[in-house]
Amino acid sequence: EFERRSALRKFFRIGLLAGERCAVNIDADDPSGTLSAIGTDAEIAQWRDEGLLTVLTAPTSSRNGVTIDEMLGVWDSFTEEAKRTPTRIGGEATWWLHIVSVDKLLEYEQELESSMPQALSALCLYDRRRFDAAAQRSVMQLHPHKVSARSMFVDNGDYRG
């Protein structure tokens, strides 16, 4: 939990303070606990009012699942914004497990990584307790950088892009 909150704070707070547009995806009915890692209630309200911070919540389960294109579609407006200005997206990747398999989640991650414009930064948080070792290795191979509790955007030695 400490690492998760630290990564959220470092990644999103820095962007918001710099005036970057940010979108965070939260797997909770009440996002306030997650958002408290990023800023105070007053800061969160201000950033949301200014249109800098968008909070997305996990969709409910679909009977037929969801396609990769639908998963990527969550980020369409932010991907377009990033073609003009630095933009940050991210959040709890684990929420996809409610509606897709681990294999589909990995396929989505690969597609997202390959379609990101230069000025789009993404933070994918995984609850390691929800993934087996093979899935964790596969995820780490998809991302060129990682955020740790101690440092921001370190090179990921497991990256195989």
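Computed from heavy atoms alone, side chains included, the values below leave out hydrogens, waters and symmetry copies. It should be emphasised that the depicted structure is a prediction, and the values quoted were computed from it without experimental measurement.
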Next item on the list: Using the side-chain contact (heavy atoms from CB on, under 4.5 Å) rule, pick out the option among V55, L125, L56 that qualifies with I26.
Entry: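 With I26 as partner, side-chain contact (heavy atoms from CB on, under 4.5 Å) holds for just one option, V55.
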Next item on the list: State plainly whether one hydrophobic cluster holds both L52 and F11, where clusters connect Ile, Leu, Val, Met, Phe, Trp and Tyr through side-chain heavy atoms under 4.5 angstrom apart.
Entry: yes
Checklist line | F131 reachable from M140 in the ILVMFWY side-chain graph, under 4.5 Å edges | finding: no
Is there side-chain contact between [X] and [Y], with heavy atoms separated by less than 4.5 Å?
X: L142; Y: E113; value: no
X: T67; Y: Y108; value: no
X: I14; Y: R88; value: yes
X: L105; Y: V139; value: no

Item checked: Residues E107, K104: salt bridge by 4.0 Å N-O rule ->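 Result for this pair is no, no salt bridge flagged.
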Testing the basics here: between [X] and [Y], what is the closest heavy-atom pair and its distance to 0.1 Å?
X: Y126; Y: E109; value: OH-OE2, 2.5 Å
X: T34; Y: R4; value: OG1-NH2, 2.9 Å
X: A135; Y: L106; value: O-CD2, 4.2 Å
X: D30; Y: S32; value: OD1-OG, 2.9 Å

Next item on the list: Answer yes or no: is there a donor N or O on one side and an acceptor on the other, between the side chain of R13 and the main chain of I38, under 3.5 Å?
Entry: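 Yes; at least one donor-acceptor contact below 3.5 Å.
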Item checked: Check: T85 side chain, A82 main-chain N or O, donor-acceptor pair, under 3.5 Å -> no
Item checked: Worked verdict on D103 versus S101 for side-chain hydrogen bond (donor to acceptor under 3.5 Å, both in side chains) -> CA-CA 5 Å; D103 288 340; S101 67; 5.2 Å; no
Margin query: Using side chain to side chain contact (heavy atoms under 4.5 Å, CB included), reason through W75 and L120 one step at a time and then give a plain yes or no.
Written below: CA-CA 11 Å; W75 305 116; L120 180 66; over 6 Å; no
Next item on the list: Given side chain to side chain contact (heavy atoms under 4.5 Å, CB included), test Q110 with S138 step by step and report yes or no.
Entry: CA-CA 10 Å; Q110 188 170 14; S138 294; over 6 Å; no
